[in-house]
Amino acid sequence: MQLQTDKIVYKDFPIDILRLDLIGDKLQGNKYFKLKYNIAEAKNQKLDTLLTFGGAFSNHIYATAAAGKEHDIKTIGIIRGEDNPNNPTLQFAKSMGMQLEFINREAYQHRATPAFETTLKNKFGNFYLLPEGGTNDLAIQGCAEILSGIKNKYDRIFLPVGTGGTIAGIISTQELKTHVTGISVLRGDDTLTKAIKGLAKSPNADITWDVNFNFHYGGYAKFSSKLIEFIRKFYKEYNIMLDPIYTGKMMGGIFFMIDHDKIEPGKKILAIHTGGLQGIDGWEYRFEKIIKA
Ligand SMILES: *Cc1c(COP(=O)(O)O)cnc(C)c1O
């Protein structure tokens with residue numbers, strides 16, 4: 001797949017942006033790569049239903065619903081919380097034919113237990129199970145292809161990190177020598193770094209990496225006016241939309257590091273736009289018309 005790269009310049013630092021948000025129509029971003037081999041495997045196992053979990057605004061739910069429609073596979077979304085006819089992500093999922101099942105936070109905490117899986121099997125029959133966020137070995141295998149056309153053009157590569165599945169794939173890219181920095185979108189600590197080490201079963205030894213925890217802007221899906229301001233300014237200047245949950249934090253982090261001399265001049269920088277723009281509508285519905293105002 002030929003991926004588009006856009007060039008921007010910030011304070012004399014050229015930055016290439018890998019536009020995963022532009023691949024496909026509805027199924028795009030890093031979720032395209034995370035789902036790719038899982039869908040193939042579901043077909044391989046002759047399972048005609050994908051079942052997965054997520055929050056009510058989840059990019060993973062949105063992508064799984066889109067993938068189901070595209071590949072003619074039934075999808076079931078187990079959603080934390082309640083239905084809301086105004087929630088754009090849930091309405092989209094339904095329009096793609098996804099069957100939604102709402103469970104409370106307490107029940108949701110037990111989603112990964114064998115007992116709950118049995119309950120679900122009794123209710124829905126056999127299905128291919130995708131974990132919340134879609135991170136598993138096949139997702140990582142798919143994400144190891146994101147940079148397969150990049151070769152050794154970049155000294156520094158940045159991407160936003162949630163569960164760590166995508167970065168685990170990125171640091172497993174073959175024939176690539178670089179340094180990868182994951183910007184954690186959650187308030188986090190070493191446990192995420194350890195989790196990534198566990199997820200990446202065959203990392204490329206030529207790729208060094210770290211996870212930066214300084215740019216969560218208050219935590220996962222938390223409102224930050226500073227971040228919203230940044231996203232709006234970025235769009236005005238470069239005509240590229242970022243989302244407030246993931247890519248805005250990554251780009252904000254890169255600009256901050258440039259401002260504070262944390263990136264040496266002359267380094268060739270790539271930022272991976274992992275997509276997630278569907279989340280903006282959900283954001284505006286929850287808060288106010290602030291990004292697209
Ligand atoms: C899901 C998602 C991520 C996080 O991916 P992980 O594999 O969970 O680390 C990053 N960016 C966007 C836009 C996403 O939708």
Colleague: For residues F13 and I254, determine if any side-chain heavy atom of one lies less than 4.5 Å from a side-chain heavy atom of the other.
Modeller: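 Counting from C-beta outward, F13 and I254 never come under 4.5 Å.
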Colleague: Applying salt bridge (charged side-chain N to carboxylate O under 4.0 Å, His left out), name anything that partners K43, two or more places apart in sequence or on another chain.
Modeller: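 Scan of K43 (salt bridge (charged side-chain N to carboxylate O under 4.0 Å, His left out), adjacent residues dropped) gives none.
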Colleague: Keeping to residues at least two apart or across chains, list the salt bridge (charged side-chain N to carboxylate O under 4.0 Å, His left out) pairs with something in residues 183-205.
Modeller: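 Sorted pair list: D137-K201.
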Colleague: So, do P265 and D12 sit near enough that their side-chain heavy atoms are less than 4.5 Å apart?
Modeller: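 Not touching, per the 4.5 Å side-chain cut-off.
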Colleague: Test I167 against every option in L199, V180, I140 by the side-chain contact (heavy atoms from CB on, under 4.5 Å) rule and name the one that passes.
Modeller: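 Checked L199, V180, I140 against I167; only one passes side-chain contact (heavy atoms from CB on, under 4.5 Å): V180.
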Colleague: Testing F255, F230, F256, Y246 one by one against F215 for a ring-ring contact (aromatic ring centres under 6.0 Å, His included), which residue passes?
Modeller: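 Testing each of F255, F230, F256, Y246 against F215, the sole residue satisfying ring-ring contact (aromatic ring centres under 6.0 Å, His included) is F256.
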Colleague: Using the test salt bridge (charged side-chain N to carboxylate O under 4.0 Å, His left out), find all partners of K26 that sit at least two apart in sequence or belong to another chain.
Modeller: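 Checked K26 against salt bridge (charged side-chain N to carboxylate O under 4.0 Å, His left out); zero matches.
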Colleague: Which side-chain N or O atoms in residues 85-97 pair as donor and acceptor under 3.5 Å with protein atoms at least two apart or in another chain?
Modeller:
from, atom 1, to, atom 2, distance (Å)
N87, OD1, T89, N, 2.8
N87, OD1, L90, N, 3.0
N87, ND2, A56, O, 2.9
T89, OG1, Q278, OE1, 2.9
Q91, NE2, N84, O, 3.1
K94, NZ, D83, OD1, 3.4
K94, NZ, D83, OD2, 2.8
S95, OG, F92, O, 2.7

Colleague: Taking only residues two or more places apart in sequence, or in another chain, which ones meet I23 in a side-chain contact (heavy atoms from CB on, under 4.5 Å)?
Modeller: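 I23 satisfies side-chain contact (heavy atoms from CB on, under 4.5 Å) with M1, L3, Q28, Y32, F33 once adjacent residues are dropped.
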Colleague: Sequence neighbours excluded, which residues qualify as side-chain contact (heavy atoms from CB on, under 4.5 Å) partners of A144?
Modeller: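 For A144 the side-chain contact (heavy atoms from CB on, under 4.5 Å) partners, ignoring immediate neighbours, are S172.
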Colleague: Could you grab the distance from atom CG of N204 to atom CG of L147, nearest 0.5 Å is fine?
Modeller: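 Nearest 0.5 Å value for the CG-CG distance: 11.0 Å.
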Colleague: Closest approach of P244 and I228, non-hydrogen atoms and distance?
Modeller: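 Looks like CB-CD1, 4.1 Å.
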Colleague: Among L176, I196, T208, I157, which residue satisfies the side-chain contact (heavy atoms from CB on, under 4.5 Å) criterion with I171?
Modeller: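 With I171 as partner, side-chain contact (heavy atoms from CB on, under 4.5 Å) holds for just one option, I196.
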Colleague: Tell me, do T52 and I61 make a side-chain contact under 4.5 Å, heavy atoms counted?
Modeller: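 Yes; the side chains approach each other to less than 4.5 Å.
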Colleague: By side-chain contact (heavy atoms from CB on, under 4.5 Å), which residues pair with Q141, not counting sequence neighbours?
Modeller: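 With neighbours one apart ignored, the set is Y37, L138.
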Colleague: Aromatic rings F287 and F223: how do their planes relate, parallel, tilted or perpendicular, breaks at 30° and 60°?
Modeller: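 Geometry flag for F223 against F287: tilted rings.
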Colleague: Tell me if a side-chain donor or acceptor on R232 pairs with a main-chain N or O of E229 at a distance below 3.5 Å.
Modeller: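 No.
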Colleague: Suppose we screen for side-chain contact (heavy atoms from CB on, under 4.5 Å). Which residues come up paired with K236, at least two apart in sequence or across chains?
Modeller: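 side-chain contact (heavy atoms from CB on, under 4.5 Å) check on K236 returns nothing, list empty.
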Colleague: Can you name the salt bridge (charged side-chain N to carboxylate O under 4.0 Å, His left out) partners of R19, sequence neighbours left out?
Modeller: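 Per chain and number, R19 pairs via salt bridge (charged side-chain N to carboxylate O under 4.0 Å, His left out) with D6, D21.
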Colleague: Side chains of Y238 and I15: closer than 4.5 Å at any heavy-atom pair?
Modeller: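 No, side chains not in contact.
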Colleague: Is there any ring-ring contact (aromatic ring centres under 6.0 Å, His included) pair reaching into residues 126-166, and which pairs are they, with sequence neighbours excluded?
Modeller: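 Every candidate ring-ring contact (aromatic ring centres under 6.0 Å, His included) pair involving residues 126-166 fails, so no pair, neighbours aside, qualifies.
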Colleague: Per the salt bridge (charged side-chain N to carboxylate O under 4.0 Å, His left out) rule, what does the pair list look like for residues 210-226, sequence neighbours excluded?
Modeller: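 Those involving residues 210-226 do not exist here.
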Colleague: Just wondering, do I245 and W283 contact through their side chains at under 4.5 Å, heavy atoms?
Modeller: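 Sidechains of I245 and W283: in contact.
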Colleague: How would you list, by chain and number, every residue that makes a salt bridge (charged side-chain N to carboxylate O under 4.0 Å, His left out) with K121, sequence neighbours excluded?
Modeller: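 So K121 forms a salt bridge (charged side-chain N to carboxylate O under 4.0 Å, His left out) with E117.
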Colleague: Are F124 and L51 close enough that some pair of their side-chain heavy atoms sits under 4.5 Å apart?
Modeller: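 In short, these two side chains touch, coming nearer than 4.5 Å.
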Colleague: Is the CD atom of E175 crowded by more than 12 outside heavy atoms at less than 6.0 Å?
Modeller: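 Check fails, neighbour count at 12 or below.
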Colleague: Any side-chain heavy-atom pair from L130 and L35 closer than 4.5 angstrom?
Modeller: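 Touching, per the 4.5 Å side-chain cut-off.
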Colleague: Flag the pair N126 / Q45 as yes when at least one side-chain heavy-atom distance between them is below 4.5 Å, and no otherwise.
Modeller: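 Counting from C-beta outward, N126 and Q45 never come under 4.5 Å.
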Colleague: Looking only at atom types and distance, does a side-chain atom of H71 sit under 3.5 Å from a main-chain N or O of A40, one as donor and one as acceptor?
Modeller: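 Answer holds: no.
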Colleague: Ignoring hydrogens and geometry, is there a side-chain-to-backbone donor-acceptor pair from K249 to V185 under 3.5 Å?
Modeller: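 Yes; judged by distance alone, with no hydrogens or angles, the pair exists.
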